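Shown next, in structure tokens, is the structure this report addresses.
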Amino acid sequence: LARLAEGDYRLIVMHHHIVLDGWSMPLLLQDMLVLYATRGDSSVLPRQRPYRTYLEWLTGQDKDASLSAWANALAGLDEPALLTGRAQETVIEGRSNSVSVDLGADRTARLGELAGRLGVTVNTLMQSAWGVLVSRLTGQDDVVFGATVSGRPPQLDGVESMVGLFINTLPVRVRLNRADTVEQTVTRVQSEQASLLDHHYVGLSEIQRRVAGGVRFDSLVVFESYPVDAEGLAAQAAAIDGMGLESLEMDDTTTYPITLMIMGSSSLELRLKYLPGSVDPAGAQTILDRVVRVLDQFVADPAVPVGEVDLLDEVERSRVLEVWNDTARVVDGPGSLPGVFVEQVRRSPDAVAVVFEGE
């Protein structure tokens with residue numbers, strides 16, 4: 001490819017695979033089509049800023065100040081948030097499996113309307129919903145999980161058309177006060193994340209070394225918003241010697257036990273990826289269903305206290321309240337709690353049973 005042949009890029013090559021981020025791939029595909037049409041004439045391609053410009057930008061950043069900002073944002077967070085009981089694996093245990101759901105155009109539109117009304121992004125709604133789910137499943141009101149960011153600093157001109165590896169994984173902290181409304185919680189998450197935008201270039205391992213106690217999590221949220229104009233690329237291909245572009249698909253895996261991916265535009269698709277052994281298919285589907293349930297409640301009433309957002313469906317609620325809490329059976333005998341109580345009453349019927357405020 002012309003951009004790679006310029007010699008300005010220093011791409012990481014591992015086992016004959018060029019390591020790029022998702023944003024770079026459509027750019028390269030578009031250039032491939034242009035070069036095919038022009039029989040390799042790279043002079044028709046616009047000159048792009050090289051990846052080394054980004055590397056030069058990195059050297060000018062105050063990394064210590066950025067690490068201090070992260071340490072301040074994560075101060076007091078000394079308990080890991082683990083849905084599966086284990087943090088990110090260093091070795092991928094095979095390819096991930098997945099379950100998915102299409103939110104549909106109507107539900108997607110309502111999420112967009114809510115985000116606009118609250119002055120937040122749809123990504124923030126997703127992160128807040130995931131924070132609620134992680135909180136309920138771990139029993140913690142202060143949780144952390146990972147989020148994938150583009151890593152392309154907006155203050156660097158031309159960064160949107162650079163080809164290279166910019167993507168980064170960073171911690172997202174969600175503190176839940178159960179009395180706060182959904183609106184208050186979501187806007188706080190947005191504000192806290194916005195304050196860290198200038199520090200997205202710092203590596204996760206560097207943050208973990210700086211923060212006392214470390215930042216450990218086993219789940220990741222990925223909002224894929226890089227532009228992939230499949231229809232435009234297909235039309236461009238059709239104009240080149242009858243070339244056909246039948247489909248454009250991404251095939252990837254995850255190094256985290258659980259990853260929630262959000263894809264699409266007018267109709268969002270949620271895909272929950274999980275590593276073998278981390279969760280079974282039924283459990284993965286349950287988690288995904290609960291994410292959708294939380295989002296629906298966000299939309300239905302953003303003024304509801306976040307502590308009242310319900311993860312359970314009707315079947316699960318019936319199981320907890322009626323099946324597991326069934327008191328219709330008579331449990332008696334010396335070894336049972338009622339039996340022990342009856343025996344104590346028989347031994348000391350006049351003894352004080354309860355003391356409250358001195359009485």
Side-chain angles (χ1 to χ4, degrees), residues 73-74 77 79-85 87-88 96 98-101 103 107-108 111-112 114-115 118 120-149 169-178 180-194 196 204 215-225 254-264 268-275 278-279 283-299 302 304 306-312:
L74 300 170
L77 184 65
E79 187 176 5
L82 304 177
L83 294 178
T84 64
Q88 177 196 11
S96 58
S98 68
V99 293
S100 61
V101 60
L103 295 184
R107 185 184 266 143
T108 299
L111 283 170
L114 175 62
L118 300 184
V120 302
T121 64
V122 175
N123 185 29
T124 296
L125 291 179
M126 295 293 176
Q127 291 181 348
S128 300
W130 189 254
V132 169
L133 183 138
V134 173
S135 171
R136 298 294 176 79
L137 295 184
T138 61
Q140 303 164 216
D141 288 334
D142 191 358
V143 299
V144 64
F145 52 88
T148 300
V149 298
T169 296
L170 296 170
V172 175
R173 183 182 192 177
V174 176
R175 285 171 280 198
L176 296 173
N177 182 336
R178 300 177 75 85
D180 286 348
T181 66
V182 168
E183 178 177 351
Q184 290 171 323
T185 302
V186 170
T187 53
R188 183 173 64 250
V189 171
Q190 172 89 5
S191 176
E192 291 173 349
Q193 290 303 300
L196 295 168
L204 178 59
V215 180
R216 297 179 61 233
F217 47 84
D218 63 354
S219 65
L220 184 68
V221 176
V222 182
F223 196 101
E224 292 192 347
S225 59
T254 177
T255 59
Y256 283 83
I258 296 178
T259 298
L260 176 67
M261 303 186 70
I262 304 101
M263 300 162 291
L268 292 176
E269 177 190 356
L270 304 188
R271 183 176 301 167
L272 191 84
K273 295 197 169 188
Y274 57 97
L275 290 177
S278 62
V279 64
Q285 186 64 57
T286 297
I287 291 174
L288 187 60
D289 291 343
R290 288 174 174 174
V291 174
V292 176
R293 199 169 299 125
V294 171
L295 289 171
D296 284 343
Q297 292 175 76
F298 279 12
V299 171
V304 71
V306 72
E308 295 183 14
V309 174
D310 195 357
L311 263 63
L312 304 180

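Computed from a prediction, not measured in an experiment: that's the story for all the values here.
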**Item:** side chain to side chain contact (heavy atoms under 4.5 Å, CB included) evaluation trace for Val309 with Arg136
**Value:** CA-CA 10 Å; Val309 174; Arg136 298 294 176 79; 4.1 Å; yes

**Message:** Run the salt bridge (Lys or Arg N to Asp or Glu O under 4.0 Å) test on Arg173 and Asp142 for me, step by step, so that the C-alpha distance in whole Å, both residues' side-chain angles and the decisive distance to 0.1 Å come before the verdict.
**Reply:** CA-CA 7 Å; Arg173 183 182 192 177; Asp142 191 358; 2.7 Å; yes

**Asked** Are side-chain heavy atoms of Met261 and Phe223 found at a separation under 4.5 Å?
**Response** no

**Prompt:** Parallel, tilted or perpendicular: which fits the ring planes of Phe217 and Tyr256, with parallel below 30° and perpendicular above 60°?
**Reply:** parallel

**Request:** Scan side-chain atoms only and decide if Gln190 and Thr124 contain a donor-acceptor pair under the 3.5 Å cut-off.
**Result:** yes

**Donor + acceptor pair across side chains of Asp180, Thr185 (<3.5 Å)** = no

**Spacing of Gln193 atom CD and Thr121 atom OG1 [to the nearest 0.5 Å]** = 9.5 Å

**Item:** Sequence-distant partners of Glu308, side-chain hydrogen bond (donor to acceptor under 3.5 Å, both in side chains), two or more places apart
**Value:** none

**Request:** Show your working on side chain to side chain contact (heavy atoms under 4.5 Å, CB included) between Ile262 and Glu224 and close with a plain yes or no.
**Result:** CA-CA 6 Å; Ile262 304 101; Glu224 292 192 347; over 6 Å; no

**Prompt:** Would you find a donor on one side and an acceptor on the other, under 3.5 Å apart, between the side chain of Arg271 and the backbone of Thr259?
**Reply:** no

**Prompt:** Do the non-hydrogen side-chain atoms of Pro171 and Leu204 ever get within less than 4.5 Å of each other?
**Reply:** yes

**Asked** So, does Thr108 use its side chain to make a donor-acceptor pair with the main chain of Leu268 at under 3.5 Å?
**Response** yes

**Asked** To the nearest 0.5 Å, what is the distance between CE (Met263) and CG (Leu270)?
**Response** 8.0 Å

**Prompt:** Are the side chain of Arg107 and the backbone of Leu295 linked by a donor-acceptor contact shorter than 3.5 Å?
**Reply:** no

**Message:** Within the 4.5 Å heavy-atom criterion, are Ser128 and Phe298 side-chain neighbours or not?
**Reply:** yes

**Item:** Exam field: side chain Arg175 to backbone Val189, donor-acceptor pair closer than 3.5 Å
**Value:** no

**Val172 vs Val174 side-chain heavy atoms within contact, under 4.5 Å** = yes

**Request:** Please determine if Arg293 and Asp310 form a salt bridge, counting it only when a charged side-chain N lies under 4.0 Å from a carboxylate O.
**Result:** no

**Prompt:** If you measure from CZ on Arg290 to CD on Gln285, what distance do you get to the nearest 0.5 Å?
**Reply:** 11.5 Å

**Request:** Measure the spacing between OG of Ser100 and CG of Leu260 and express it to the nearest 0.5 Å.
**Result:** 11.5 Å

**Message:** Does Tyr274 form a side chain to side chain contact (heavy atoms under 4.5 Å, CB included) with Ile287? I'd like the steps, not just the answer.
**Reply:** CA-CA 11 Å; Tyr274 57 97; Ile287 291 174; over 6 Å; no

**Message:** Are Leu220 and Ile258 packed together at the side-chain level, in the sense that at least one heavy-atom pair is separated by less than 4.5 angstrom?
**Reply:** no

**Prompt:** At their closest point, which heavy atom of Leu176 faces which heavy atom of Gly131, and how far apart are they?
**Reply:** CD1-O, 3.9 Å

**Ser219 OG to Leu137 CG distance, which is reported to the nearest 0.5 Å** = 10.0 Å

**Item:** Side-chain donor/acceptor of Thr138 to backbone N/O of Val134, under 3.5 Å
**Value:** yes

**Message:** Closer than 3.5 angstrom, by distance alone: can the side chain of Ser98 be matched with the main-chain N or O of Lys273 as a donor-acceptor pair?
**Reply:** no

**Prompt:** Looking only at heavy atoms, which two atoms of Pro257 and Ser278 are closest? And how far apart?
**Reply:** O-OG, 3.2 Å

**Asked** Can you tell me if Ser135 uses its side chain to pair, donor with acceptor, with the backbone of Gln140 under 3.5 Å?
**Response** yes

**Request:** Would you check, one step at a time, whether the test side chain to side chain contact (heavy atoms under 4.5 Å, CB included) holds for Val132 with Leu311?
**Result:** CA-CA 9 Å; Val132 169; Leu311 263 63; 4.3 Å; yes

**Prompt:** Would you call Leu111 and Val299 a side-chain contact if the rule is heavy atoms closer than 4.5 Å?
**Reply:** yes

**Item:** Side-chain heavy atoms of Asn123 within contact of Leu125, under 4.5 Å
**Value:** no

**Request:** Measure the CG-CG distance between Leu312 and Asp289 for me, rounded to the nearest 0.5 Å.
**Result:** 12.0 Å

**Asked** Any donor-acceptor pair under 3.5 Å linking the side chain of Thr187 with the backbone of Gln184?
**Response** yes

